[in-house]
2 protein chains.
Amino acid sequence: MEAHSLIKDAGLKLTPRRRAMIAHFSLSSGPLAPVELHERLKAEFPRCGLPGVYRNLEALADCGVLFRVAGFGRERRYALCSQPHHEEHHHHHIICISCGRVGQVEECLYQEGMMIDGFRLVGHLVQLRGVCAPCAVKESEGSG
Amino acid sequence: MEAHSLIKDAGLKLTPRRRAMIAHFSLSSGPLAPVELHERLKAEFPRCGLPGVYRNLEALADCGVLFRVAGFGRERRYALCSQPHHEEHHHHHIICISCGRVGQVEECLYQEGMMIDGFRLVGHLVQLRGVCAPCAVKESEGSG
DNA sequence: AACCTAAACAGAAAAAGTTTCTATTTAAGA
DNA sequence: TCTTAAATAGAAACTTTTTCTGTTTAGGTT
Ligand SMILES: [Mn+2]
Ligand SMILES: [Mn+2]
Ligand SMILES: [Zn+2]
Ligand SMILES: [Zn+2]
């Protein structure tokens with residue numbers, strides 16, 4: 001389990017709660033909001049409160065198991081990240097608008113230091129949306 | 001005033017409140033959060049409430065006078081947009097991390113329909129941070 | 001297997017952010 | 001000037017998020 005070693009390496013504990021959260025993200029089609037995850041956890045953990053969910057989501061995002069998804073308006077959402085977000089491993093994510101599948105985008109078009117419009121680039125936020133291959137197949141089948 | 005015609009074209013009214021908001025954005029170095037803007041408006045409009053500020057920020061963003069800045073974590077922030085965000089005029093913004101100056105980035109590296117990591121791209125969110133030319137000069141003067 | 005300790009936990013509470021509602025006022029066209 | 005759709009204030013409700021405190025637990029150590 002990649003996620004488990006990320007947790008350990010960060011000096012965090014691998015609790016039943018966190019295992020379950022990761023499992024829910026694995027099963028889920030698409031990014032989850034705190035309330036949504038809380039809803040799903042309540043079945044297995046009736047005493048689980050929303051504050052704990054927030055705490056764990058942030059902890060898991062900080063250690064690279066999850067990433068914070070942008071582009072859902074004001075909604076806060078997280079999704080599994082299959083590779084840790086280290087400085088040495090810069091990447092972005094593309095999310096399927098149909099099924100929620102997350103793709104790692106290794107190639108980045110924005111390089112720190114490049115000049116853009118007279119500015120020297122020092123940081124960037126990129127969040128992509130698209131249609132994944134399986135969903136593209138379904139699309140063409142549906143209309144064919 | 002470009003902003004004023006944008007407001008008119010959207011069928012909105014050009015109220016003193018909105019004039020003042022635009023003026024504050026012009027004067028401000030950097031994007032503003034609703035509470036920050038409210039704080040500044042209270043001097044001139046003592047009876048101005050936060051709900052009205054939210055309403056107007058959204059109205060001005062919808063008609064293209066402002067844009068919603070991403071990349072400030074969970075904070076909601078807006079800034080002046082010097083060109084309307086029409087489909088025909090796609091662009092992004094780069095914000096100076098030193099002074100808050102906003103640059104329009106006309107060239108976009110992500111084209112709808114292009115294939116990325118097996119996904120067909122259908123949308124993207126890009127928010128850039130950088131150092132503007134004047135601030136770069138100041139930087140080099142300071143260390144020289 | 002029984003400790004030990006830092007971390008995680010639940011739950012309440014507070015704080016912050018945001019939206020909704022209604023009655024009143026106003027911008028701007030006729 | 002008259003008319004009307006839009007903007008406004010203010011209260012209230014609502015949602016989201018954080019903080020706090022005391023209790024429990026994971027995981028390493030003995
Ligand atoms: Mn990732
Ligand atoms: Mn713009
Ligand atoms: Zn898909
Ligand atoms: Zn600058």
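First the proteins, then the strands, lettered A, B, ... as listed; each starts at 1. Side chains are part of it too, since the values below use all heavy atoms of this structure and drop only hydrogens, waters and symmetry mates. Predicted model only: the values in this text are computed from it and were never measured.
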Engineer: For the pair made of CZ in A:F72 and P in D:dT16, what is the distance, rounded to whole Å?
Structural biologist: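 To the nearest whole Å, that distance equals 16 Å.
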Engineer: Rounding to a whole Å, what distance do you find between A:R68:CZ and D:dT17:C1'?
Structural biologist: 14 Å
Engineer: Please determine, by modelled atom types, if A:E106 and A:H89 share a side-chain donor-acceptor pair under 3.5 angstrom.
Structural biologist: yes
Engineer: In this structure, how many angstroms lie between the C1' atom of D:dT8 and the CE atom of B:M21, rounded?
Structural biologist: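 To the nearest whole Å, that distance equals 13 Å.
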Engineer: In this structure, how many angstroms lie between the C1' atom of D:dA7 and the CG atom of B:N56, rounded?
Structural biologist: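 Distance, rounded to whole Å: 8 Å.
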Engineer: How many Å lie between CG on A:L37 and P on D:dT16, as a whole number?
Structural biologist: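 In whole Å, D:dT16 P lies 14 Å from A:L37 CG.
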Engineer: Round to a whole Å and report the spacing from CD of B:E44 to P of D:dT8.
Structural biologist: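 Computing the B:E44:CD to D:dT8:P distance gives 13 Å.
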Engineer: Kindly write out the residues that satisfy salt bridge (Lys or Arg N to Asp or Glu O under 4.0 Å) with B:E44, not counting sequence neighbours, or none if the list is empty.
Structural biologist: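 Partners of B:E44 under the salt bridge (Lys or Arg N to Asp or Glu O under 4.0 Å) test: none.
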Engineer: Rounded to the nearest Å, what distance is computed from the CG atom of residue B:L41 to the P atom of nucleotide D:dG10?
Structural biologist: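 To the nearest whole Å, that distance equals 14 Å.
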Engineer: Scan residues 18-33 of chain A for pairs that pass salt bridge (Lys or Arg N to Asp or Glu O under 4.0 Å), counting only residues two or more places apart or in two chains.
Structural biologist: none
Engineer: Going by the rule ring pair (Phe, Tyr, Trp, His ring centres under 6.0 Å), which residues pair with A:Y110 if we only count those two or more places apart in sequence or in a different chain?
Structural biologist: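 In terms of ring pair (Phe, Tyr, Trp, His ring centres under 6.0 Å), with neighbours along the sequence ignored, A:Y110 is linked to A:H124.
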Engineer: I'd like to compare against my own output: the B/S/- annotation of nucleotides 17-29 of chain C with a strict under-4.0 Å heavy-atom distance to protein.
Structural biologist: SBBB-----BBSS
Engineer: Could you list all the salt bridge (Lys or Arg N to Asp or Glu O under 4.0 Å) pairs where at least one residue sits in residues 110-123 of chain A, not counting sequence neighbours?
Structural biologist: A:R120-B:E139
Engineer: Of all residues at least two apart in sequence or in a different chain, which pass the ring pair (Phe, Tyr, Trp, His ring centres under 6.0 Å) check with A:F45?
Structural biologist: none
Engineer: Side-chain N or O of A:R47 less than 4.0 angstrom from OP1 or OP2 on C:dC9?
Structural biologist: no
